[in-house]
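Report on the following structure.
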Number of protein chains: 4
Amino acid sequence: MQSRTSGTRAGRPRSAAAATAILAATREALVEVGWSGLTLGDVATRAGVAKTTLYRRWSGKNELVVDAVAELFDELELPDRGSLAADIEGVVLQFAAILARPEARSGLMAVVAESTRDDALRERIRESIVNRQKHLVLEGRSRAQARGELPEEPDPSESARTVDLIFDMIAGAVVHRALVSAEPVDTEWARSFAGLLLHGLTASTTA
Amino acid sequence: MQSRTSGTRAGRPRSAAAATAILAATREALVEVGWSGLTLGDVATRAGVAKTTLYRRWSGKNELVVDAVAELFDELELPDRGSLAADIEGVVLQFAAILARPEARSGLMAVVAESTRDDALRERIRESIVNRQKHLVLEGRSRAQARGELPEEPDPSESARTVDLIFDMIAGAVVHRALVSAEPVDTEWARSFAGLLLHGLTASTTA
Amino acid sequence: MQSRTSGTRAGRPRSAAAATAILAATREALVEVGWSGLTLGDVATRAGVAKTTLYRRWSGKNELVVDAVAELFDELELPDRGSLAADIEGVVLQFAAILARPEARSGLMAVVAESTRDDALRERIRESIVNRQKHLVLEGRSRAQARGELPEEPDPSESARTVDLIFDMIAGAVVHRALVSAEPVDTEWARSFAGLLLHGLTASTTA
Amino acid sequence: MQSRTSGTRAGRPRSAAAATAILAATREALVEVGWSGLTLGDVATRAGVAKTTLYRRWSGKNELVVDAVAELFDELELPDRGSLAADIEGVVLQFAAILARPEARSGLMAVVAESTRDDALRERIRESIVNRQKHLVLEGRSRAQARGELPEEPDPSESARTVDLIFDMIAGAVVHRALVSAEPVDTEWARSFAGLLLHGLTASTTA
DNA sequence: CACTAACCGAGACGGTACGTCCCGTCTTTCT
DNA sequence: AGAAAGACGGGACGTACCGTCTCGGTTAGTG
């Protein structure tokens, strides 16, 4: 039993198609039965795969759903709409569109809830979902700075803190509006939100 | 023969002590085992109550946790700290203190996740948690208007929309910071957030 | 629940009617749902009585069913059909007719089963059901002796043993045929049985 | 890809030891707590088996107890004691010895009671218990015919009816004496019974 | 080009919690 | 004062999934 400590392992390799099928089946099941109704046995059946195959690759429901949901947010992008206000409105509406999909709604909040007692899961969410989208804030800010809408920020540490703050404000407000308040995130709301974020409460009118 | 058409119901009345004990036991169990590990049988045992008593009053885990968590937020208040910025900072820190408690962290997000597929539950959350705290925004605004920090808002419909928007922004940002980004909501962050909310991105400095 | 639809409305003399109603409701429930599906709550509801009233008079399901079933067997009688063989055939068919009723089938065997671990219940069954019917054997024998079909039996102790033996043989055979073998107890079978009981296996023909 | 169309079923095979352990545990539990106190969860625990394993193989308490009790009767046999009377006495005493065991007493009557409302159960009892022991009557008769104690029976249909009749009389009388009358089935009673069965009531003396 | 190790499906395994039903007891209210 | 209504603590039900463990059989790389 000496060799094979590195590189090509002997035996039959894992099927590449299986992982894809499993993640797709996970999203499909999330749509139909939601997080709490989702069972790994059902996912395996939908994917045409044995339960053991699934457990060989993911340690449980939480990790599987994080991977399945993370892919959904990769379609976010920030086309240049000419002004910071328009850019914010655009990304808010894109984000809302993703949150309108059932697999994102129930999957995202559920894994966040689970992560409150599972540090490894929380870190996995931050890496796979949260930090992966922060580039949107950076792009939007530098574009606005190039337009002269925002001042330069010389202190890099302060700059990072501000990016985090803005990300939390945008993502938090949209999620709260969509999932907790359960009110529509439409163009009107997005415009009001962008106006408030840009000019603050003290401006004479928020809309 | 008109009896019992109103008011006093026949039979042994429900124990008032049971409800209190059950809700307290629910929070205790949330602290120790979290949402996914929470069992109604365990809650009943902790409360010194039969499982049937619990099911007679709540239809399931979701509804029970909503009620147990909602009580936590009733301790929020808005003491007058002299300025709108200070008031916002204060309520943000209070809210963060509640979200630091394990029973709130895991309970709140979990029921929100469940509510994405259960309209009755979503409505229950709105009534018991969200709308119950909106008075804080109203108080803060009228106090700020009395101080002259904010202009009057003549249109009542527009006024209500603004209250909702501000509530989503504050609650959303704090929840996202605390639970999704998993970063501390401390005095410094609260000050930055209040500054940004008051003056907007276009102000020269956020801190 | 208006109840008390008849006459005397002053006091509360319902006590007497309750026992009758409860026993009738027990038999009705036995017919519809059988022994294992019979619940005391259901019996109480059918009888228009509170559960507490029922428990005040019977200690449980077993005792209640013994009383309800015992009454069924009181309709057995032994009309003189002219010969011992005809008398035996007659009582066998009467007994079979009772065992064809669902409340007797399931009720009788169930309480016998319970009585294997409950001495008080066994004694109650013997008093209320078994010994109450032994007079049939006595009558049949003395009638046959008067006809000269059977010899006199001088020893009273031996006489009692024989009565018990014959009772066990008749009742046992009919119960076994009807409930265990689940074959019909019809005129033909009754005639074969009576012939065998009268003349024994060694007679050349049993039918 | 044609494989597994017959014979070898896929997946892990059922444990042979489990069935044995479960049936033994069922009898053990019947002895200790009786039919009405018997719990499938308790049986599973005693057998060192999960409740699901038990439900995978039996549909409920009734079916399980039929199988557990049926095995008890397989120890019945008919050694040649030299005469028909002695053979009958012998099998009666053997049967009584089995019915003296608590697991047989409460189990047998209970499933018979249940079978009054469950045709499938009744058929199962007939196959597993009743018909399985009828060979005893056949053996005893042919042995007696060989000895010249009984005449030959030419009509096969009549012959089968007589076997059923005798079986009902023997089994019924013993069960009734042991469980309903609750009197001992001892050598004296067995001798009286055999005498009556052989020679009938009309013979001058039954003992 | 046969070996053979690691994979695959199927499905039984020991468990845990579910939500329901009924038990037998106890309050409370109404008559 | 006595019966109805019905909540109470408790226990078993039969089901659904969990995550693990055999099984028989397949597949790719290596020796």
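Per chain, numbering begins at 1; letters A, B, ... match sequence-line order. Just so we're clear, the structure is a prediction, and the values are computed from it rather than from any experiment.
Side chain of D/Thr53 to backbone of D/Val49: no donor-acceptor contact under 3.5 angstrom is found.
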Check: residues 60-70 of chain B side-chain donor-acceptor pairs under 3.5 Å, at least two apart:
from    : atom 1 : to       : atom 2 : distance (Å)
B/Lys61 : NZ     : B/Trp35  : O      : 3.0
B/Lys61 : NZ     : B/Leu38  : O      : 3.1
B/Glu63 : OE1    : B/Ser59  : OG     : 3.3
B/Asp67 : OD1    : B/Arg124 : NE     : 3.4
B/Asp67 : OD1    : B/Arg124 : NH2    : 3.4
B/Asp67 : OD2    : B/Trp58  : NE1    : 2.9
B/Asp67 : OD2    : B/Arg124 : NH2    : 3.0

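In terms of phosphate contacts, B/Arg12 brings no side-chain nitrogen or oxygen within less than 4.0 Å of OP1 or OP2 of E/dC26.
Take D/Glu28 and apply the side-chain hydrogen bond (donor to acceptor under 3.5 Å, both in side chains) test, not counting sequence neighbours, and it matches D/Arg46. Applying the side-chain contact (heavy atoms from CB on, under 4.5 Å) rule to D/Arg14 yields the partners D/Arg56, D/Arg57; only residues at least two apart in sequence or on another chain are considered. Under the side-chain hydrogen bond (donor to acceptor under 3.5 Å, both in side chains) criterion, B/Ser15 pairs with no residue at all, not counting sequence neighbours.
Heavy-atom distances under 4.0 Å link DNA chain E to no residue of residues 18-33 of chain B. Sorted by residue number, the members of residues 39-70 of chain A with any non-hydrogen atom under 4.0 Å from DNA chain E read A/Gly48, A/Val49, A/Ala50, A/Thr52, A/Thr53, A/Arg56, A/Arg57.
Atom-to-atom distance recorded for A/Thr116:OG1 and B/Glu103:CD is 11.0 Å, nearest 0.5 angstrom.
Under a 4.0 Å N-O distance rule, the pair D/Glu114/D/Arg122 does not qualify as a salt bridge.
Between D/Thr39 and D/Thr45 there is no side-chain heavy-atom pair separated by less than 4.5 Å.
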